[in-house]
Amino acid sequence: MRVLIIRFSSIGDIVLTTPVVRCLKLQRAAEIHYLTKQNYAAMLRTNPYIDRVWTIEKRVSEVLSDLKQVRFDYIIDLHRNIRSVQVKWALRVKSYSFDKINWQKWLLVRFKINRLPSIHIVDRYMATLDTLGVKNDDEGLDYFIPEKDSFSHLAIRLNLPHDFVAFAIGAAHATKRLPTSKIIEICQQIHQPILLLGGPAEKETGLEIADCAGSHVINTCGQLNLNQSAAVVRQARKVITHDTGMMHIAAAFHKTIVSVWGNTTPEFGMYPYYGTQENRNNSAEVNGLSCRPCSKIGFGQCPKGHFNCMEAQQVEAIVKLLEI
């Protein structure tokens, strides 16, 4: 059986597809091909359950002619957008797509009417394999780090401690991120080494936080690639993170997590997933806000102007969750 799995982006969403990859490979001995964007290929190339990673920069036309030569038996569409439809139309093989439950999300965001199913997105992804007789093994998420990006190499190069809390300070949308002042306060109240994680966009913010919070805070933002950041998460004693890809990477390593939620909510079904392993997530969120959730993704700024979903977060409560 030769199967093409499609998920173009982003970090967290791709990590959440890994049970599909693993279960399909182990239960049906399938030859697994995975189509994604070039930016995310590195997190898939070391996955032993994937036989080939296909990538695009912008358009699926970049790979369609080559994909047609492979002769797939099935397509598992875990993105379900215009690009994935183009692939399915061009290859013309049997395909299965996951339910994006967009109208239920719209009802919750627009009218605060909750008709969302009490089911994690991993199980919605897995439902695409029902017809193939593949079941969820409940072993959680996967993330495989190449040896060259291991923490032991990073620790030597950057002189990092081996016992620390990882704090992923970034998020793709501003309404998912704590204000910098609150992050500084949190770091000041944690009396153990903290490694700040983030991309180039968070480099200056990380420097500000480290300068203000104390010498126990180390800024690695903008210095690590994705696999190296994952290596830091795997080494960490505990992880503080917003609703981002790093949250799901931490869950893949069965870490104790304090997940901080702003405009989004766990009810969307994308909270940390541990399978049947112990649930080690503690969520910090401001409940009872009539405006929340204001988006299933996020905004560049609070649509209401007050940003209460993050401004009203209690620093002491977040620090206390870290101690559980």
Side-chain angles (χ1 to χ4, degrees), residues 151 154-155 158-171 173-199 201-224 229-251 253-266 271-272 278-289 292 302 306-324:
F151 183 80
L154 291 177
L158 299 178
N159 191 27
L160 301 177
H162 281 73
D163 188 10
F164 57 87
V165 172
F167 198 150
I169 65 171
H173 301 278
T175 51
K176 283 188 172 185
R177 298 193 298 264
L178 281 164
T180 301
S181 59
K182 283 193 178 288
I183 296 177
I184 292 171
E185 288 183 63
I186 291 168
C187 291
Q188 288 173 334
Q189 294 190 28
I190 298 173
H191 304 296
Q192 54 187 301
I194 301 171
L195 265 60
L196 303 179
L197 289 173
E202 287 76 47
K203 185 175 181 179
E204 294 302 319
T205 301
L207 287 171
E208 179 185 352
I209 294 167
D211 287 343
C212 296
S215 59
H216 66 299
V217 179
I218 301 169
N219 177 38
T220 70
C221 297
Q223 301 181 58
L224 310 178
S229 295
V232 170
V233 168
R234 182 170 63 179
Q235 178 67 26
R237 178 183 293 270
K238 296 182 180 180
V239 179
I240 307 174
T241 175
H242 302 118
D243 172 21
T244 67
M246 280 298 146
M247 178 179 74
H248 299 298
I249 290 174
F253 295 128
H254 305 292
K255 291 296 174 178
T256 297
I257 300 170
V258 176
S259 57
V260 184
W261 299 78
N263 75 276
T264 57
T265 69
Y271 47 87
E278 177 188 1
N279 183 357
R280 305 182 70 181
N281 172 60
N282 299 293
S283 297
E285 53 183 326
V286 181
N287 293 310
L289 295 177
R292 181 174 176 262
C302 172
H306 52 64
F307 201 26
N308 283 342
C309 61
M310 283 303 194
E311 291 290 356
Q313 291 274 1
Q314 298 297 310
V315 168
E316 294 78 10
I318 293 173
V319 174
K320 190 171 182 178
L321 287 175
L322 192 67
E323 298 169 355
I324 295 177

Mind listing the closest non-hydrogen atom pair of [X] and [Y] along with its distance?
| X | Y | result |
| --- | --- | --- |
| Ala284 | Leu321 | CB-CD1, 3.9 Å |
| Ile218 | Pro161 | CD1-CD, 3.5 Å |
| Ser283 | Trp261 | OG-NE1, 3.5 Å |
| Cys309 | Thr175 | SG-O, 4.4 Å |
| Glu285 | Pro266 | OE1-CD, 3.5 Å |

Would you call [X] and [Y] a side-chain contact if the rule is heavy atoms closer than 4.5 Å?
| X | Y | result |
| --- | --- | --- |
| His242 | Leu178 | yes |
| Met310 | Val286 | no |
| Asn219 | Ile209 | no |
| Ile257 | Arg280 | no |

Answer yes or no: is there a donor N or O on one side and an acceptor on the other, between the side chain of [X] and the main chain of [Y], under 3.5 Å?
| X | Y | answer |
| --- | --- | --- |
| Glu204 | Glu202 | no |
| Lys255 | Arg234 | yes |
| Gln235 | Val232 | no |
| Arg292 | Gly262 | yes |

Candidate list Asn282, Thr244, Asp243, Asn281, test side-chain hydrogen bond (donor to acceptor under 3.5 Å, both in side chains), partner Ser259, passing option: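 For Ser259, the side-chain hydrogen bond (donor to acceptor under 3.5 Å, both in side chains) check succeeds only for Asn281.
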His162 and Phe151 aromatic centres sub-6.0 Å: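 Ring centres of Phe151 and His162 closer than 6.0 Å.
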Sequence-distant partners of Tyr271, ring-ring contact (aromatic ring centres under 6.0 Å, His included), two or more places apart: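 Partners of Tyr271 under the ring-ring contact (aromatic ring centres under 6.0 Å, His included) test: His120.
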Residues 180-197 side chain polar contacts: donor-acceptor under 3.5 Å, at least two apart:
unit_1: Lys182; atom_1: NZ; unit_2: Glu311; atom_2: O; d: 3.2
unit_1: Lys182; atom_1: NZ; unit_2: Gln313; atom_2: O; d: 2.9
unit_1: Gln188; atom_1: NE2; unit_2: Cys212; atom_2: O; d: 3.2

All pairs passing salt bridge (charged side-chain N to carboxylate O under 4.0 Å, His left out) where residues 313-324 contributes a residue, at least two apart: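 Salt bridge (charged side-chain N to carboxylate O under 4.0 Å, His left out) check on residues 313-324 returns no pairs.
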CE-OG1 distance between Met246 and Thr241, expressed to the nearest 0.5 angstrom: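 So the gap between those two atoms works out to 8.0 Å.
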Rounded distance [0.5 Å steps], CG in Asn308 versus CG in Asn263: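 It comes to 13.0 Å.
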